[in-house]
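Side chains included, hydrogens not; waters and symmetry mates left out as well; all remaining heavy atoms used.
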Amino acid sequence: MLPPGSSCPVLHRLFSQVLTIALLLGGITCPALGQTLLLEVRGGVGVGEIGQKDINLLDPSRLREINAELLLSIPNPATLLLPGELRPHLGASFGPEDGYVYAGLSWTFRAPVVPVFVEAGLGGAVQSDVLEKRTTRFGCLVQGQAQASVGFDVLPNVAVMGTVQHLRDLGLCGQPDNPTTRAGLRLGLRF
């Protein structure tokens, strides 16, 4: 599940444990909330550092990033004011050199007639470089994380989506901001 030679064993182990617990919760309904706790599991591959010059995004050898994400259902009074779904997410992206775990809120809007959706998410991320080496390749330990997806429902509970994720710290750690952007394709399974 994780890329060979990856240098993030602490986060790999933590995320594997979180994923196992979340998959177990996927079949459990919470009577107090009246719904299933886990709504969607996503995973896919991608390309890292797409903001660098002279990067060929279509080069298959650059598909070295792995992403996994969980979206949870919660009672959401905001749906009365905002069309679509507002859901908390928890995820991780790992490559051969670095990785990060992230959490936040995602807003998904599905088109009324065609099986297409768009999604935007905001949150925070913790990168593995600082946890393991006490140094960093890009910014602070904790960073802001934004993501956007465009997807297509291929079956009632299965979707394919293209996603872009962006991390930055805005120079809050006393060093110049050094953002990173990753893009990829993911498969989502709704429960």
Side-chain angles (χ1 to χ4, degrees), residues 1-3 11 15 18-19 22-23 25-26 35-52 55-60 62-74 76 78-79 81-95 98-128 138-139 142-169 179-191:
M1 182 167 126
L2 300 171
L11 291 179
F15 189 73
V18 169
L19 182 61
L23 289 174
L25 290 175
Q35 59 188 2
T36 302
L37 295 178
L38 178 64
L39 185 62
E40 191 167 352
V41 176
R42 296 177 176 173
V45 295
V47 175
E49 304 293 340
I50 65 171
Q52 293 180 350
I55 295 291
N56 180 2
L57 293 178
L58 302 177
D59 181 3
R62 292 201 34 86
L63 282 175
R64 301 179 310 174
E65 306 287 328
I66 292 179
N67 175 267
E69 185 175 277
L70 309 169
L71 288 106
L72 305 173
S73 60
I74 58 172
N76 189 3
T79 56
L81 305 172
L82 184 70
E85 294 177 276
L86 189 61
R87 303 177 287 173
H89 64 253
L90 172 66
S93 287
F94 295 103
D98 61 12
Y100 57 92
V101 293
Y102 59 92
L105 284 175
S106 291
W107 172 73
T108 309
F109 176 76
R110 296 183 179 281
V113 178
V114 292
V116 175
F117 64 92
V118 294
E119 185 172 86
L122 287 174
V126 176
Q127 60 169 316
S128 64
F138 58 96
V142 178
Q143 301 197 345
Q145 185 262 352
Q147 63 185 27
S149 298
V150 174
F152 181 76
D153 293 320
V154 293
L155 293 171
N157 294 323
V158 179
V160 175
M161 66 209 75
T163 301
V164 175
Q165 294 183 324
H166 182 74
L167 273 69
R168 71 178 327 136
D169 66 13
T180 183
T181 303
R182 300 172 186 208
L185 293 173
R186 301 191 296 176
L187 179 70
L189 303 172
R190 292 176 71 97
F191 293 94

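- Rounded to the nearest 0.5 Å, atoms CG (Leu187) and CE (Met161) are 7.0 Å apart.
- Panel note: side chain Asn67, backbone Ala92; a donor-acceptor pair is recorded below 3.5 Å.
- Between the Trp107 side chain and the Pro83 main chain, a donor and an acceptor come within less than 3.5 Å of each other.
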### Task
Kindly indicate, with the supporting measurements, whether the criterion side-chain contact (heavy atoms from CB on, under 4.5 Å) is fulfilled by Leu189 and Val158.
CA-CA 5 Å; Leu189 303 172; Val158 179; 3.8 Å; yes
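- For the pair Phe152/Val114, no side-chain contact is recorded, criterion being any heavy-atom separation below 4.5 Å from C-beta on.
- A salt bridge between Glu85 and Arg190 is present, with a side-chain N of the basic residue lying under 4.0 Å from a carboxylate O of the acidic one.
- The shortest side-chain heavy-atom distance between His89 and Tyr102 falls under the 4.5 Å cut-off.
- Atom CG of Asn157 and atom CG of Leu39 lie 9.5 Å apart (nearest 0.5 Å).
- In plain terms, the two heavy atoms of Thr163 and Ser149 that are nearest each other are OG1-OG, 2.7 Å.
- Of all heavy-atom pairs between Leu185 and Gly162, the closest is CD2-CA, 4.0 Å.
- In terms of heavy atoms, Val47 sits closest to Glu65 at C-CG, 3.8 Å.
- Between the side chains of Gln145 and Tyr100, not a single donor N or O lies within less than 3.5 Å of an accepting N or O.
- Taking the side chain as every heavy atom from C-beta outward, Leu72 and Arg87 never approach each other to under 4.5 Å.
- In this structure, CG in Asp153 is found 4.5 Å from CZ in Arg110, a value given to the nearest 0.5 Å.
- Separating the CD atom in Glu40 from the OG atom in Ser106 is a distance of 9.5 Å, to the nearest 0.5 Å.
- Tested against Gln147 for a side-chain hydrogen bond (donor to acceptor under 3.5 Å, both in side chains), the candidates Arg182, Glu119, Glu69 yield a single pass: Glu69.
- Nearest approach of Arg42 to Gly188, heavy atoms of both residues: CG-CA, 3.8 Å.
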